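Heads up, the thing below is written out as structure tokens.
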There are 2 protein chains.
Amino acid sequence: MQLTSIWRIVGVMKHALNQKPDYEKELRKAGVRITRPRRIIIDILTSTEDHPDAMKIFHRAIEIDDSISLSTVYRTMNLLEEMGAIHRHAFNGGPSRFEQAHGEHHDHLIDIDTGAVVEFKSDKIEKLQEEIAKSLGYDIVHHRLELYGRKTRHSS
Amino acid sequence: MQLTSIWRIVGVMKHALNQKPDYEKELRKAGVRITRPRRIIIDILTSTEDHPDAMKIFHRAIEIDDSISLSTVYRTMNLLEEMGAIHRHAFNGGPSRFEQAHGEHHDHLIDIDTGAVVEFKSDKIEKLQEEIAKSLGYDIVHHRLELYGRKTRHSS
DNA sequence: ACGTCAGTTGCAAAGATTCTCAACTGGTAA
DNA sequence: TTACCAGTTGAGAATCTTTGCAACTGACGT
């Protein structure tokens, strides 16, 4: 078998390579202050396996420090998203949910029936994106690719 | 010249081919009812060049029929988005803004400095997406690809 | 044309997210 | 270590978006 897979599932590796990236250093380098609320929120994000929404993160946060406000959670999520440290998902009207972007970039396939998220990565697609952007006179800073799908129904 | 371009700009054609697609027929075919509010909202979207937010659409709508409610605007935007008839853009926190998806599907390149949006389409990427989804056991219902970039700085 | 009924609507209320602003606090330089 | 100040925070108001529900209305069959 000598096939170059055009994608590979990244999600399943999540647990395996449990290498929490050092966000603090990264952020500080980018000129962002590491405050107590931010440290707590980042910790919550790096130590969870699910995709919590702002309210859930808020509740987990006030268990550690009950002075943290919901505004700060929202502000921090926006900050981290811009920094590329987390990804935001918005399913059918519901509140946005977040997940850390464990180091490597990846794209998402969202099950429109269950909201389940499969992470994958395709170097071919990334390369095509680069080409397109270049032809248009742009450098890509970051991108978002989300496939919304439904489990294939095997003709029953 | 015999190159198969992997993409083409769709946005610049916007004005040229001023062919309002027949959304009513499309929607009806998809089992969606064409009600008075929906007809009015669709008319507003197909006859504007800008990217209005829900409130702006609402105001334009009640000038035609002052019984239309804001909820209906939002509901209709969600409906049309799911149908792929419009695109939603959310710039830095502000309210979502919409634009019609002049018939053909296309992706977006967003200038992170100016907010300008270039529309493009790549059949190759679409094809790769199909393949990936299939391998994962899914059928794609719709997708979103957004490249965020910055104008290439020519070494000056 | 007419009745039927699931899909839609308007309204009000709830939920989600951003904003304003005075008080506070990391990081830096002396 | 201390003082300083731009960046950050908490609290609550403001804004944006979704929802629940009773009334309404397209689309289809007769």
Side-chain angles (χ1 to χ4, degrees), chain A residues 23-44 51-83 85-98 112 115, chain B residues 23-44 51-83 85-98:
Chain A
Y23 286 124
E24 296 204 9
K25 185 179 285 179
E26 296 279 335
L27 293 174
R28 195 172 271 123
K29 190 160 56 182
V32 174
R33 272 197 211 162
I34 304 305
T35 62
R36 183 164 159 68
R38 281 179 183 166
R39 209 189 315 270
I40 292 174
I41 292 170
I42 290 172
D43 272 356
I44 291 173
H51 294 185
D53 60 24
M55 192 58 74
K56 200 165 296 177
I57 294 169
F58 173 61
H59 280 132
R60 293 182 193 169
I62 56 179
E63 265 174 47
I64 300 167
D65 176 347
D66 72 327
S67 75
I68 290 177
S69 81
L70 182 55
S71 317
T72 296
V73 173
Y74 276 109
R75 277 190 287 235
T76 303
M77 302 324 283
N78 286 339
L79 174 70
L80 294 178
E81 185 187 18
E82 275 186 38
M83 312 274 329
I86 61 171
H87 293 302
R88 170 195 303 263
H89 301 295
F91 304 119
N92 43 276
S96 294
R97 292 164 60 200
F98 308 89
I112 59 177
Chain B
Y23 286 123
E24 297 205 7
K25 184 179 287 180
E26 295 280 334
L27 292 175
R28 194 171 271 122
K29 191 159 55 183
V32 174
R33 269 198 213 164
I34 304 306
T35 62
R36 183 164 160 66
R38 282 178 181 167
R39 208 189 316 269
I40 291 174
I41 292 171
I42 290 171
D43 273 355
I44 291 173
H51 294 185
D53 60 24
M55 193 57 74
K56 198 164 297 178
I57 294 169
F58 173 59
H59 281 131
R60 292 182 193 169
I62 56 180
E63 266 173 47
I64 300 168
D65 177 346
D66 73 327
S67 76
I68 289 176
S69 81
L70 182 55
S71 320
T72 297
V73 173
Y74 277 108
R75 277 190 285 235
T76 303
M77 301 324 283
N78 286 339
L79 174 70
L80 294 177
E81 186 187 17
E82 274 187 39
M83 311 276 327
I86 62 172
H87 293 302
R88 170 194 304 261
H89 299 294
F91 301 119
N92 45 276
S96 295
R97 293 164 59 203
F98 308 89

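Since this is a predicted model, take the numbers as computed values, not measurements. We use all heavy atoms of the structure for the numbers below, so side chains are in, but hydrogens, waters and symmetry mates are not. Chain A is the first sequence line, chain B the second, and so forth, proteins listed ahead of strands; every chain is numbered from 1.
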Measure the shortest side-chain to side-chain distance between His51(A) and His87(A) over non-hydrogen atoms and say whether it is less than 4.5 angstrom.
no

To the nearest Å, how far apart are Leu27(B) CG and dG26(D) C1'?
14 Å

Answer yes or no: side-chain N or O of Arg33(A) and base N or O of dG27(C) forming a donor-acceptor pair under 3.5 Å.
no

Of the options dG10(C), dT17(C), dT8(C), whose atoms approach the side-chain atoms of Thr72(B) most closely?
dG10(C)

When rounded to whole Å, the NZ to P distance for the pair Lys56(A) and dA16(C) reads 11 Å

If we only count heavy atoms from C-beta on, is the Arg75(A) to Thr72(A) side-chain gap below 4.5 Å?
yes

Interatomic distance where CD1 belongs to Ile34(A) and P belongs to dT9(D) [whole Å]
10 Å

Taking any heavy-atom pair under 4.0 Å as a contact, classify Arg75(A): base, sugar-phosphate, or nothing.
base

Expressed in angstrom and rounded to an integer, what is the separation of Glu24(A) atom CD from dG26(C) atom C1'?
12 Å

Would one find a side-chain N or O of Tyr74(B) under 4.0 angstrom from OP1 or OP2 of dT17(D)?
yes

OP1 or OP2 of dT17(C) under 4.0 Å from side-chain N/O of Asn78(A):
no

Need to verify one output field. Residue with the more 5' nearest nucleotide on DNA chain C, Ala54(A) or Arg39(A)?
Ala54(A)

With respect to the side chain of Thr35(A), which nucleotide from dT8(C), dT9(D), dC16(D) is positioned closest?
dT9(D)

Taking CE from Met55(B) and P from dT17(D), how many angstroms apart are they, rounded to a whole number?
8 Å

First encountered from the 5' end of DNA chain D, between Ser71(B) and Arg28(B)
Ser71(B)

Report the distance from atom CG of Leu70(B) to atom C1' of dT15(D), rounded to the nearest whole Å.
11 Å

Base, sugar-phosphate or nothing for Asp53(B)? Non-hydrogen atoms, less than 4.0 Å.
nothing

Taking C-beta and beyond as the side chain, do Glu26(A) and Val32(A) meet within less than 4.5 Å on heavy atoms?
no

Do Arg36(A) and Ile68(A) make a side-chain contact, defined as non-hydrogen atoms from C-beta onward lying under 4.5 Å apart?
no

Quick check on dT25(C): is either OP1 or OP2 less than 4.0 Å from any side-chain nitrogen or oxygen of Arg36(A)?
no

Taking CZ from Phe58(A) and P from dG15(C), how many angstroms apart are they, rounded to a whole number?
15 Å

Could you check whether any side-chain N or O of Arg28(B) sits under 3.5 Å from a backbone N or O of Ile34(B), counting only pairs where one atom can act as donor and the other as acceptor?
no

How many whole angstroms separate atom CD1 of Ile41(A) from atom P of dT8(D)?
13 Å

